Every structure is written in structure tokens, then in C-alpha cells.
Engineer: 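Supplied in C-alpha cells, the structure appears directly below.
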There are 2 protein chains.
Amino acid sequence: MGLAKTEIFTDQQNQIAIFAKAFGHPARVAILQHLFKINACICGDLVDEIGLAQPTISQHLKELKHLGLIKGSVEGTSVCYCISPEKWTQMKTVMTQFLNQDLQDDKQCC
Amino acid sequence: MGLAKTEIFTDQQNQIAIFAKAFGHPARVAILQHLFKINACICGDLVDEIGLAQPTISQHLKELKHLGLIKGSVEGTSVCYCISPEKWTQMKTVMTQFLNQDLQDDKQCC
DNA sequence: GCCTTTAATCGTAATATTGCAATATACAAA
DNA sequence: TTTGTATATTGCAATATTACGATTAAAGGC
């Protein structure tokens, strides 16, 4: 099939999966890390920084932008990308809640 | 292509991507949440709990087990799965470090 | 106007993922 | 030994993802 049956899961479960998928490729991880590091926005030096072709980077940026984790603003001929702090915080809340699940450690069986 | 160029990224970036990919499907999120909730291990009631066919659940379990996030032990005809606390903690460390990146908020440009 | 630069989009190839029916395997109970 | 129960594996179809060359679009500089 290749098609996730999202309708049988809760909104929360789908949300986690959607955010996680965004980090499920090292190029997108690298892009986000670079945006954090540079702080001030950058444009196409991501192509130089990461070793992928321009259309490929552009496609990854599109996904992150579509999710809302980054914002882009046109500056002359180039485009300036940066983290969206609000969305990042929202995502962090969702993911952290999932990651911080704890098990009562006396009931393990394996 | 469909093939991630992992060799051009750092180990840390690839690690984040690999863990994130595990959470990139709601079925795997649901499996992990259920394993946390039940605490004591379960076997095939995951198939009843989640609405997917037995081979599909088995496949998702295999991926999580391969990653090391869950462990399975045979008990008669059934198999008992549970979270691996050590691996979960290790994963949490890697992911939290990534999620907790912060930007000096005075230098935003978009 | 024309040329250059920068980024997005299109088209396409290669590979990965998801899902399940059918089958196999492993164990226990009768 | 046969039968049933639980899980894994195989094989395959549908769809998604990754990557990039070629092209297009938009803005500036001349």
C-alpha cells in the first residue's frame, strides 16, 4: 500500500508522527541545526553547507516550511529562512510529552 | 533516487534521523504508547488494540525491536514485548538535545 | 531592453515504506 | 499425532520519498 492509515489513530498520534517525520531525514536535521547556529537567517548557503543539489535542498525547505517549523522571506533575489520560534515550541511540547513517558519500573517482564 | 545520502552527514544527525523515523508512523507511536501504558508486557493484543492486520503490526514491531527500543521474549506460543528502558533513555538524550536548541532571539530577521 | 543571480518547479528515475493475503513456524493442549 | 493458537515470514501491489538535471520565474545590475 505505502499509505498510512491515519484515520484509525488519534490526532495526537498523527501529530507526533508528522513532526517526527520532519526529522526523519538527516538533511532536514542539518538544515534546522544550521538555522539555529547561524541565528540570523540565511538563504542558499545551505546548499554549500550541506552537500546536496539546490533542487533537493529547496524541496526539503519546502517541507519544513509547509509544516510551519521555518519561515522564509524574500530579500531581493535571494530568500531568507529562519526557525519559527512559536511552531518550534509547540512541536517541542508535543514531542517532549511523548518522550517523557515513564514506566513504573517494577512491572517489567523482559 | 529515494536513497538518503547518509555519508555526507554527521553521526549525530544520522542518529537523530534514525530515531525520528521510528516515530514517523502513527502505528509505531501507538505501539509504544500502549507498551508504556500497559507497563507489563503484552503480546498480540496490539493487533486488537490498533486496527491493523497482524502481519503489519508484526512488521512495525520488528522495526522497533531492530532499533532496540523494545525487547521481545517468547512465552509459550505468544511473544511478550516491552520498552527497553536503557535504549529509551539513550534515545531521549539524543532527541532532547536536538529539541532543546535555542536561538538568541534578538537576531531574528523574518 | 538584456544578462546574471537566486530560488522554485517540473519531470523522472531509483529506492523505501506501508499494508495485507497467504503461508510457514513454533508451541501447547487434547 | 492431530488440532488449535500465536507470531513471523514471504510476496506483492500501491504509494511515498529522495535526488537531481533541466527549466522557469523573479529581482537587480548594466
Side-chain angles (χ1 to χ4, degrees), chain A residues 1-9 13-14 17-31 34-35 41-67 70-82 109-110, chain B residues 1-9 13-14 17-31 34-35 41-67 70-82 109-110:
Chain A
M1 290 260 139
L3 173 74
K5 285 192 155 183
T6 54
E7 70 278 6
I8 67 173
F9 301 102
Q13 287 163 343
N14 283 314
I18 287 168
F19 280 133
K21 210 182 254 184
F23 308 139
H25 193 289
R28 288 189 292 268
V29 172
I31 287 172
H34 197 68
L35 288 181
C41 311
I42 21 131
C43 7
D45 13 45
L46 281 165
V47 177
D48 303 330
E49 186 68 21
I50 302 163
L52 291 172
Q54 179 265 320
T56 309
I57 297 290
S58 194
Q59 198 173 306
H60 285 303
L61 284 169
K62 191 180 173 182
E63 286 177 61
L64 292 172
K65 195 178 166 188
H66 182 75
L67 235 182
I70 65 174
K71 292 185 281 189
S73 59
V74 181
E75 301 209 343
T77 83
S78 57
V79 176
C80 182
Y81 284 104
C82 61
C109 76
C110 331
Chain B
M1 288 259 139
L3 173 72
K5 285 191 154 181
T6 54
E7 70 278 6
I8 67 172
F9 300 103
Q13 288 165 340
N14 282 314
I18 287 167
F19 281 133
K21 212 182 254 185
F23 307 140
H25 193 289
R28 289 190 291 269
V29 172
I31 288 172
H34 196 69
L35 288 180
C41 311
I42 22 130
C43 6
D45 14 42
L46 281 166
V47 178
D48 303 329
E49 187 68 21
I50 302 165
L52 291 172
Q54 179 265 321
T56 309
I57 297 290
S58 193
Q59 197 174 308
H60 285 303
L61 285 168
K62 192 180 175 183
E63 285 177 61
L64 291 172
K65 195 177 169 190
H66 182 75
L67 234 183
I70 65 175
K71 291 184 280 186
S73 60
V74 182
E75 300 209 344
T77 81
S78 57
V79 176
C80 183
Y81 284 105
C82 60
C109 76
C110 332

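Within every chain, numbering begins at 1; the chains are lettered A, B, ... in the order of the sequence lines, protein sequences first and strands thereafter. Remember, predicted model here, so these are calculated numbers, not experimental data.
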Engineer: Please round to the nearest 0.5 Å and tell me the distance separating atom CD1 of Ile42(A) and atom NE2 of His34(A).
Structural biologist: 4.0 Å
Engineer: Considering just the side-chain nitrogens and oxygens of Ser58(A), establish if one lies under 4.0 Å of OP1 or OP2 belonging to dA8(C).
Structural biologist: yes
Engineer: dC20(D) P sits how many Å from Leu61(A) CG, rounded?
Structural biologist: 14 Å
Engineer: Expressed in angstrom and rounded to an integer, what is the separation of Phe23(A) atom CZ from dT18(D) atom P?
Structural biologist: 14 Å
Engineer: Do you know which two heavy atoms are closest between Leu35(A) and Tyr81(A), and how far apart they sit?
Structural biologist: CD2-O, 3.5 Å
Engineer: Taking only the side-chain heavy atoms of Leu3(A) (C-beta and beyond), determine which of dT18(C), dA8(D), dT15(D) contains the nearest atom.
Structural biologist: dT15(D)
Engineer: Just the rounded figure in Å: distance from C1' of dA14(C) to CD of Gln59(A).
Structural biologist: 14 Å
Engineer: Assign each of Val74(A) and His25(A) to its nearest nucleotide of DNA chain D by heavy atoms, then name whichever residue's nucleotide is nearer the 5' end.
Structural biologist: His25(A)
Engineer: Out of curiosity, Leu64(B) CG to Lys62(B) NZ, how far, rounded to the nearest 0.5 Å?
Structural biologist: 12.5 Å
Engineer: Going through the distances and angles, do Leu46(B) and Leu61(B) end up as a side-chain contact (heavy atoms from CB on, under 4.5 Å)?
Structural biologist: CA-CA 10 Å; Leu46(B) 281 166; Leu61(B) 285 168; 3.9 Å; yes
Engineer: May I ask you to verify if any side-chain N or O of Tyr81(B) is less than 4.0 angstrom from the OP1 or OP2 atom of dA6(D)?
Structural biologist: no
Engineer: CD1/Ile31(A) to CD/Glu63(A) distance, rounded to the nearest 0.5 angstrom?
Structural biologist: 9.0 Å
Engineer: Name the nucleic acid region contacted by Lys21(A), choosing base, sugar-phosphate or nothing; use a 4.0 angstrom heavy-atom cut-off, strictly under.
Structural biologist: sugar-phosphate
Engineer: Does His60(B) place a side-chain N or O at less than 4.0 Å from the phosphate oxygens OP1/OP2 of dT17(C)?
Structural biologist: no
Engineer: Return the residues of residues 48-56 of chain A meeting this criterion: a heavy atom under 4.0 Å from some atom of DNA chain D. Order them by number, or give none.
Structural biologist: Leu52(A), Ala53(A), Pro55(A), Thr56(A)
Engineer: Can you check the Lys5(B) NZ to dC20(D) P distance for me, whole Å?
Structural biologist: 4 Å
Engineer: Can you tell me how far P of dT18(D) sits from CZ of Phe9(B), to the nearest Å?
Structural biologist: 11 Å
Engineer: To the closest 0.5 Å, what do you measure between CG (Asn14(A)) and CD (Glu7(A))?
Structural biologist: 9.0 Å
Engineer: Please give, in whole Å, the distance from dA8(C) C1' to Leu64(A) CG?
Structural biologist: 16 Å
Engineer: Tell me the closest heavy-atom pair linking Val29(B) and Gln13(A), and the distance in Å.
Structural biologist: CG1-CG, 4.0 Å
Engineer: Does any N or O in the side chain of Arg28(B) come within less than 3.5 Å of the main-chain N or O of Lys21(B), such that one atom is a donor and the other an acceptor?
Structural biologist: yes
Engineer: Do the rings of His25(B) and His60(B) sit parallel, tilted or perpendicular, given the 30° and 60° boundaries?
Structural biologist: tilted
Engineer: So how far is it from Ile57(A) CD1 to Glu49(A) CD, rounded to the nearest 0.5 Å?
Structural biologist: 10.0 Å
Engineer: Please list, pair by pair, any protein nitrogen or oxygen found under 3.5 Å from a nitrogen or oxygen in nucleotides 28-30 of chain D.
Structural biologist:
none

Engineer: Could you check how far CG of Asn14(A) sits from C1' of dT18(C), rounded to whole Å?
Structural biologist: 14 Å
Engineer: Report the distance from atom NZ of Lys65(A) to atom P of dA7(C), rounded to the nearest whole Å.
Structural biologist: 12 Å
Engineer: Both Ala4(B) and Ala4(A) contact DNA chain D. Taking the nearest nucleotide for each, which residue is further toward the 5' end?
Structural biologist: Ala4(A)
